[in-house]
Amino acid sequence: MKLVVTENYEESSRILADMVEQVIAEKKDAVLGLPTGSSPVGMYHYLVQDYQEGKVDFSEVHTINLDEYTGLEREHVQSFGYFMDQHLFSKVNVPAENIMLIDGTGSAAEQIDRYDRFLDDNTIDILVVGIGNNGHIGFNEPDTVFHAQTHLTELEPETIKANARFFEKESDVPRSAITMGMSAILKARKVVLIATGEAKAGAIERLFMDDTIDPMFPCSILKGCKDAVVVVDRDLYGRTKL
Ligand code: F6R
């Protein structure tokens with residue numbers, strides 16, 4: 001697991017976009033695993049800008065998102081599908097049929113089966129992830145299993161509280177989600193984690209100061225990945241004991 005410390009969030013975002021573009025340059029039909037939330041917004045900005053400048057072509061790329069709240073339609077402004085449309089899909093030339101998203105209002109069993117079939121047949125070339133304050137990746141909350149495939153999960157009170165900032169009130173945050181499991185994260189050829197902001201400092205510090213891989217601290221699975229890079233800015237780094 002490699003740690004990259006950048007000057008600021010802008011530089012972190014630029015580095016992430018470069019990593020994604022490098023993978024596409026080497027493999028036109030690369031499979032990208034993608035996150036939502038505030039952390040990757042800057043990366044999407046650069047991917048869109050570079051597409052508009054003709055520096056990257058998504059016409060053969062496949063994408064699969066990490067997760068989705070249950071109960072929210074794609075048109076709901078806080079659904080992850082809507083986020084992806086706003087920040088990437090409506091602005092670049094990734095074909096609609098190459099996009100794998102979870103339908104938060106569909107049958108959970110069908111969504112899970114569709115995701116697991118795709119993940120059995122394909123390997124993610126680069127998986128970008130954010131991190132929850134409690135160390136979650138995707139919506140893999142602290143749990144006892146690391147072998148999980150795609151599954152329905154109850155969100156931790158801490159996650160609901162953290163995500164309330166996107167909703168009018170905390171009670172509007174969905175209580176459950178469907179998430180890609182740890183087994184798909186472990187299988188990815190490359191995983192890149194971006195973290196920014198004071199609230200993430202504790203998780204990043206623990207990730208690098210503690211050698212154990214512990215399902216109760218989900219991001220620790222990155223230590224078992226083939227190629228994992230953690231990108232943090234100087235401000236966050238300065239708040240840790242690293
Ligand atoms: C979102 C996801 C989550 C977020 C995490 C951090 O698709 O999988 O794990 O990456 O909750 O969210 P932000 O970036 O909003 O702090």
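Just so you know, ligand 1 is whichever comes first in the structure, and atom 1 is the first atom listed for that ligand.
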Closest protein heavy atom (residue, atom, distance) for [atom]:
atom	result
atom 1 (C) of ligand 1	T36 OG1, 3.2 Å
atom 5 (C) of ligand 1	H136 NE2, 3.4 Å
atom 2 (C) of ligand 1	D67 OD2, 3.2 Å

Between [X] and ligand 1, which residue portion shows a heavy-atom distance shorter than 4.0 Å: side chain, backbone, both, or neither?
X	answer
I131	backbone
L66	side chain
F166	side chain

Distance-only N or O hit between ligand 1 and G138, under 3.5 Å: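 Between G138 and ligand 1, an N or O pair is found under 3.5 Å apart.
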N163 N/O under 3.5 Å from ligand 1 N/O: no
Give the atom numbers and elements of ligand 1 that come within less than 4.0 Å of a heavy atom of [X].
X	result
G37	14 (O), 15 (O)
G130	10 (O)
K200	6 (C), 13 (P), 16 (O)
S39	13 (P), 14 (O), 16 (O)

Verdict with reasoning, E21 to R14, per salt bridge (charged side-chain N to carboxylate O under 4.0 Å, His left out): CA-CA 10 Å; E21 291 176 25; R14 184 63 264 173; 3.8 Å; yes
Option among L47, V129, L88, V20 that satisfies the side chain to side chain contact (heavy atoms under 4.5 Å, CB included) test with L34: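 It is L88; the other options fail the test.
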K200 side chain to I131 backbone, donor-acceptor under 3.5 Å: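 The answer is yes, because a donor-acceptor pair under 3.5 Å joins these two groups.
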Cation-pi geometry met for R74 and Y82 (6.0 Å, 45°): no
Salt bridge (charged side-chain N to carboxylate O under 4.0 Å, His left out) between R117 and D113, worked out: CA-CA 6 Å; R117 270 189 284 119; D113 184 54; 3.2 Å; yes
Sub-4.0 Å heavy-atom contact, R165 with ligand 1: yes
Full working for salt bridge (charged side-chain N to carboxylate O under 4.0 Å, His left out) between R206 and D214: CA-CA 11 Å; R206 180 169 168 200; D214 176 359; 3.8 Å; yes
Aromatic contact, Y69 with F167 (centres under 6.0 Å): yes
No-hydrogen, no-angle side-chain donor-acceptor test under 3.5 Å, N93 and D57: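 Yes, because at least one side-chain N or O of N93 sits under 3.5 Å from a partner of the opposite role on D57.
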